[in-house]
Amino acid sequence: MSDFVRRRLNMKRKVLIVDDEEINRLILQNILEPDYEVVLASNGKEALDVVKEEGNRFSLILLDLLMPVMDGYEFFNNLKKDEKYSQIPVIVLTSEKEEELKSLSIGVADFIPKPYDVPEVIKARIGRIIQLYEDHDIITATQFDTLTGLFNKEYFCEYASMADQYYPQDEKDMIAINVNRFHVINAIHGRDFGDEVLAVIGKVLKDYVNENRGIACHFDADTFYVYVKSKDHAEGLHDAICNSLKIILEDSELRIRLGIYKNASANPDFGRRIDYALLACNSLKGSFKEYAAYYDEDIIKNVHYKEMLIRDLDRALSERQFKVFFQPKYAIQKGEPELSSAEALIRWIHPEHGMISPGVFIPLFENNGLISKVDHYVWKEAAETVAKWKKEYGKSIPVSVNVSRVDMMNDGLVSDIKSIVEEAGIDRSEFLLEITESAYTDDKSQIIGLVNELRSEGFKIEMDDFGTGYSSLNMLTDLPFDVLKLDMVFVRNIHTDDRARKLVKFIMEIANFLRVTTIAEGVELKEQYEILKEMGCDVIQGYYFSKPLPEEEFEKLLKGE
Ligand code: C2E
Ligand code: CA
Ligand code: CA
């Protein structure tokens, strides 16, 4: 164990004194006890047992040579045979010159002659040997991650168990820390910058565990762990990391998730401590408001539930358990509101679990890429429905579908969409594509290229969830899109809050300047509708007019019922 670790844990070094004469043991113990944690053994065999029990946690062994049961030589030989303990330095306690020589020749670190010298000399000698061996230890140590200076994962477990030993009275929490969408930071700013982000986090965690009695490790690319004396860590730790990262990262890029397994030290299985903290951390994926989650039974249930959804997906697709609902959009600027289009929104009617909201399974399938299968299904259904309405009601109601950021990574996207529309026999202007604003900000040039291609093929693009993706104003003028879809958070307080109203007005002006159509989502109240109309918003989608409807219900609107 290195000096570094001991200092970090505020631990005393452990020294084993092996001597058959009690008086000798007591003298040394008295000399060393203020500075070291002293363990005693009265012969070689006893000492060997103690060493095996304690693992390699001794910084030094002080060894008498002539003892009953097992003498010092035999003990020493046994010790050196075992790789785990062979690095522990041994100082021999001798009363004879001859023994001194002999012991040095077999490889002990030093000797201390009996009767004992002034305590100061003994202490100095012991201190020097420990220092020497520890320096060597540090030089040969591979336990640190060079980027962050924290432990790497191989050694984290070992040092955590040491922390348990040294502070058995402390309840300790295991905390997993994850940098959200770190790959995006790497992709946009380059790997060197990504490394800098990790180094900053490393520094914060180092300080944090020093102050709060614990240890930290850089586990893999974007995941860190902290094993630390239990307290309410969430806010303090989160803020410490974010405050340091603020200097180099934009607010929009900065999201840190914490998964906390409280009193993890009560679980003897170290692997579980790590797993459970990570489970808690992963449970936050797709949630934008929360930054910390605690491990509990619900999280386990949730993990099983999600596994079940993934397992059931293929079957659900082939058994057509997914139903596409349609939410009408109304054009409001020409006299009476007029049904102008609809958004296709998926529902999963699960045979066991009933109706499952897309808010539950979409983020899950986005994380593992399965969303593309789902979207393909929805696009096909939507295109066929537009064709059916045209045929049966003689009305062209364009439908917009959601295009996930994952879909945009697929090379075949444009040809896939083209053939769906073609097979359904509808016009490309009747099939609108919603792309969330944050997809644009993720990888600007890739998205711009793709969107330009889609537009040149005659598709219209609606920028979805506008206002949540943090496009800057000057970025917005570079982005290709035809419709700006204002996110519902902006609409929510528009009728009560002056500032919210001003903000929306400002966004409407920008849209006007960019010459794009505006849609407001989540309009639930008459007051909201009237304000938006007054501001010049073109289209309204929301419960004020209608919830998303099953196909048959929507058709009633077409029949004018
Ligand atoms: P979104 O694209 O922003 O869709 C709008 C959501 O707002 C829908 O929720 C809709 O039901 C809801 N909404 C509409 N009007 C109101 C209102 O007045 N008040 C309130 N409180 N809510 C309103 P939904 O259907 O639960 O969908 C949630 C999200 O799931 C969608 O957000 C979209 O991101 C995703 N999603 C839904 N269907 C699909 C799909 O087929 N493919 C993909 N990739 N994502 C989908
Ligand atoms: Ca949408
Ligand atoms: Ca939206």
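Ligands are counted one by one from 1 in listed order, and the atoms in each one are counted from 1 as well.
For ligand 1, the atoms sitting less than 4.0 Å from at least one non-hydrogen atom of Glu524 are 17 (C), 18 (O), 19 (N), 20 (C), 21 (N), numbered in the order shown with element in parentheses. The ligand atoms of ligand 1 that sit less than 4.0 angstrom from a heavy atom of Val378 are 41 (O). Taking every non-hydrogen atom of Asp464 and a distance limit under 4.0 Å, the qualifying atoms of ligand 1 come out as 2 (O). Interface atoms of ligand 1 facing Met488, defined by a heavy-atom separation under 4.0 Å, are 6 (C), 7 (O), 12 (C), 13 (N), 20 (C), 22 (N), 23 (C). The distance from ligand 1 to the heavy atoms of Val523 drops below 4.0 Å at these ligand atoms: 18 (O).
Residues Phe219 and Phe151 place their aromatic rings such that the two centres sit no closer than 6.0 Å. Taking the centre of each ring, Tyr225 and His218 stay at or above the 6.0 Å mark.
Inclusion of Asn402 in the set of residues having an N or O under 3.5 Å from an N or O of ligand 1 is warranted.
In this structure, Lys547 has no heavy atom closer than 4.0 Å to ligand 1. Residue contact check for ligand 1: Arg347 places a non-hydrogen atom closer than 4.0 Å to it.
Between the choices Leu525, Asp375, Ile346, the shortest heavy-atom distance to atom 43 (C) of ligand 1 belongs to Asp375. The residue from Phe545, Trp379, Tyr543 that puts a heavy atom closest to atom 18 (O) of ligand 1 is Tyr543. Of all the listed residues (Asp465, Leu345, Ile435, Ile362), Ile362 holds the heavy atom that lies closest to atom 45 (N) of ligand 1.
Using a 3.5 Å distance cut-off with no hydrogens or angles, the side chains of Thr468 and Asp487 do not pair a donor with an acceptor. Side chains of Ser265 and Glu171: a donor-acceptor N/O pair is absent below 3.5 angstrom, by distance only. With no hydrogens or angles considered, a side-chain donor-acceptor pair links Thr223 and Asp220 at under 3.5 Å. One side chain, Asn410 or Ser372, offers a donor N or O that lies under 3.5 Å from an acceptor on the other.
Considering just the N/O/S atoms of Glu343, the one nearest the Ca ion (ligand 2) carries the name OE2. If you look at Asp464 and ask which of its N, O or S atoms sits nearest the Ca ion (ligand 2), the answer is OD2. With respect to the Ca ion (ligand 3), Asp465 has OD1 as its nearest N, O or S atom.
Note that Lys153 lies outside the cation-pi zone of Phe156, set by a 6.0 Å cut-off to the ring centre and a 45° limit from the axis.
At a cut-off of 3.0 Å, Thr436 is not counted among the residues with an N, O or S atom near the Ca ion (ligand 2). Checking Glu434 against the Ca ion (ligand 3), every N/O/S atom stays at or beyond the 3.0 Å cut-off. At a cut-off of 3.0 Å, Glu521 coordinates the Ca ion (ligand 3) through an N, O or S atom.
Within a 6.0 Å radius of CZ in Phe193, more than 12 heavy atoms belonging to other residues, nucleotides or ligands are found.
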- Item | Criterion ring-ring contact (aromatic ring centres under 6.0 Å, His included) on Trp389 and Phe554, from CA distance to verdict | CA-CA 10 Å; Trp389 289 341; Phe554 194 94; 4.6 Å; yes
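Only the side chain of Glu343 comes within contact range of ligand 1, with a heavy atom under 4.0 Å; no backbone atom does.
Of all heavy-atom pairs spanning Asp173 and Ser230, the tightest one is OD1-OG, 2.8 Å.
Salt bridge Asp498/Lys502: present, at least one basic N to carboxylate O contact under 4.0 Å.
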